[in-house]
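FYI, side chains are in, hydrogens and waters are out, and symmetry mates aren't considered; it's all heavy atoms of this structure.
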Amino acid sequence: MNPEGFNQDRIWEHFQNEGVDSFSQSTGRQEFLVRRLQPGSRMLNVGVGNAELEALAQRKGVDVWCLDPGERAIDRVRSQLGLGERAQVGRCQSMPFPDHHFDALVMSEVLEHLDDATLAATWQEVRRVLRPGGVFLGTVPARENLLESMVVCPHCNEQFHRWGHQRSFSVESLRLAVQHHFSIEELGEHFFIEWDSVGWGRRLQGLIKKFLSWRGVGTYGVARNIFCQARNP
């Protein structure tokens, strides 16, 4: 989907720094994931985004760790949340953490950025750093039409996905990807609504959008995701 010379890191670097406001609509998804975490558990979040998930989990009493390839993003989360060495620069296919170190591992809107070889190596690393019985929590865009988000660089004329996505998932394709490595506990499409951070008016709007999306009626800003919860053997 992306050209041979495509540089994923440049896209991540932009959206996690100058373009960090692009994550402003992700609060409902982050709140949903944090509700699945247990106070006192040790959690690794892969891909910090705007660090909202880390902040929410920290307030819940979770022992928060994070990993991201961007040095500036890691410096920011270290400064904002005081994570120190619990926030590490690195990649999901080669995680700088000991075996069986985490009770939970979150990858929200990350898997769609990975090519085949990177995804295969990532599954092995997730299994390695999760303790036996540890939980994997992941989300991806649902049934994304990658061609709709293709853009052209005005300087080199190369085409690429504006968010750097390299694959599209359905429930079934994500099931096939996960079940070879983990025991799936929950898998399905979700429309995430902000509950903890907004008033009843916004909640009602979210419920209306959710109902319309179930009925197949398009509304601006409605995007469905696939959520997966799975257990490390």
Side-chain angles (χ1 to χ4, degrees), residues 1-2 8 22-23 25-38 43-47 49 52-53 92-93 102-127 129-130 133-150 161-195 203 205-233:
M1 177 56 62
N2 291 306
Q8 180 87 252
S22 62
F23 295 97
Q25 301 301 311
S26 66
T27 298
R29 172 165 46 87
Q30 312 291 19
E31 291 172 345
F32 176 90
L33 292 167
V34 170
R35 285 196 292 271
R36 301 297 179 111
L37 300 173
Q38 298 300 315
M43 179 274 297
L44 174 65
N45 184 40
V46 178
E52 182 174 29
L53 187 141
C92 52
Q93 66 269 33
F102 299 103
D103 302 302
L105 189 147
V106 178
M107 297 186 73
S108 185
E109 312 302 284
V110 173
L111 299 176
E112 67 273 14
H113 293 268
L114 309 180
D115 60 31
D116 291 344
T118 303
L119 182 60
T122 295
W123 290 132
Q124 296 303 317
E125 281 293 270
V126 173
R127 288 199 60 178
V129 302
L130 267 180
V135 65
F136 168 80
L137 302 173
T139 71
V140 296
R143 298 172 285 109
E144 181 185 11
N145 184 339
L146 297 176
L147 292 177
E148 290 182 349
S149 292
M150 294 297 289
H161 190 283
R162 67 186 301 265
W163 300 103
H165 295 178
Q166 301 201 47
R167 61 177 68 243
S168 176
F169 285 99
S170 64
V171 169
E172 187 55 33
S173 65
L174 186 59
R175 182 189 309 278
L176 291 173
V178 174
Q179 68 184 9
H180 295 296
H181 309 280
F182 306 96
S183 175
I184 297 175
E185 297 181 336
E186 184 176 344
L187 178 66
E189 289 194 13
H190 281 260
F191 177 74
F192 295 111
I193 301 173
E194 296 181 27
W195 292 110
R203 295 181 190 183
Q205 290 176 14
L207 286 170
I208 292 171
K209 287 184 177 182
K210 185 173 185 177
F211 173 76
L212 291 175
S213 85
W214 280 337
R215 297 293 300 273
V217 179
T219 60
Y220 179 77
V222 170
R224 294 182 68 82
N225 301 79
I226 303 171
F227 167 71
C228 177
Q229 177 173 314
R231 193 73 57 175
N232 199 25

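- At most 12 heavy atoms of other shown residues, nucleotides or ligands fall within 6.0 angstrom of atom CD in Gln38.
- At least one side-chain heavy atom of Met107 sits less than 4.5 Å from a side-chain heavy atom of Phe136.
- Across every non-hydrogen atom of Leu187 and Val171, the tightest pair is CD2-O, 3.6 Å.
- Within the 3.5 Å criterion, the main-chain N or O of Gly47 finds a donor-acceptor partner in the side chain of Asn45.
- When side chains are defined from C-beta on, Gln166 does not count as touching His113, because their heavy atoms never get closer than 4.5 Å.
- Using modelled atom types, one finds no donor on one side chain facing an acceptor on the other under 3.5 Å when comparing Gln30 with Ser108.
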Take Val178 and Trp123 through the side-chain contact (heavy atoms from CB on, under 4.5 Å) test and state the conclusion after the steps. CA-CA 8 Å; Val178 174; Trp123 290 132; 3.8 Å; yes
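- Ion pairing between Arg36 and Glu186 holds under the 4.0 Å rule for side-chain N and carboxylate O.
- Using modelled atom types, one finds no donor on one side chain facing an acceptor on the other under 3.5 Å when comparing Glu112 with Ser168.
- Glu189 has its side chain within reach of Arg143: a pair of non-hydrogen atoms, C-beta onward, lies under 4.5 Å apart.
- For the side chain to side chain contact (heavy atoms under 4.5 Å, CB included) test, residues two or more places apart in sequence or in another chain that qualify with Glu172 are Ser170, Arg175, Leu176.
- Asn232 pairs in a side-chain contact (heavy atoms from CB on, under 4.5 Å) with only one of the listed residues (Leu105, Val126, Leu130), which is Leu130.
- With contacts defined as side-chain heavy-atom distances shorter than 4.5 Å, the pair Leu53/Met43 qualifies.
- Side-chain contact between Phe182 and Arg127 is present, with at least one heavy-atom pair separated by less than 4.5 Å.
- Side-chain atoms of Asn225 never come within 3.5 Å of backbone atoms of Thr139 as a donor-acceptor pair (strictly under, hydrogens ignored).
- Side chain of Gln93 to main chain of Thr122: no donor-acceptor pair is present (N/O by atom type, distance under 3.5 Å, no hydrogens or angles).
- With contacts defined as side-chain heavy-atom distances shorter than 4.5 Å, the pair Glu144/Arg167 does not qualify.
- Here the CD atom belonging to Glu185 is positioned 9.0 Å from the CG atom belonging to Leu137, to the nearest 0.5 angstrom.
- Using cut-offs of 30° and 60° for the angle between ring planes, the Phe227 and Phe32 rings count as perpendicular.
- For the atom pair Gln229 CD and Ser183 OG, the distance stands at 10.5 Å (nearest 0.5 Å).
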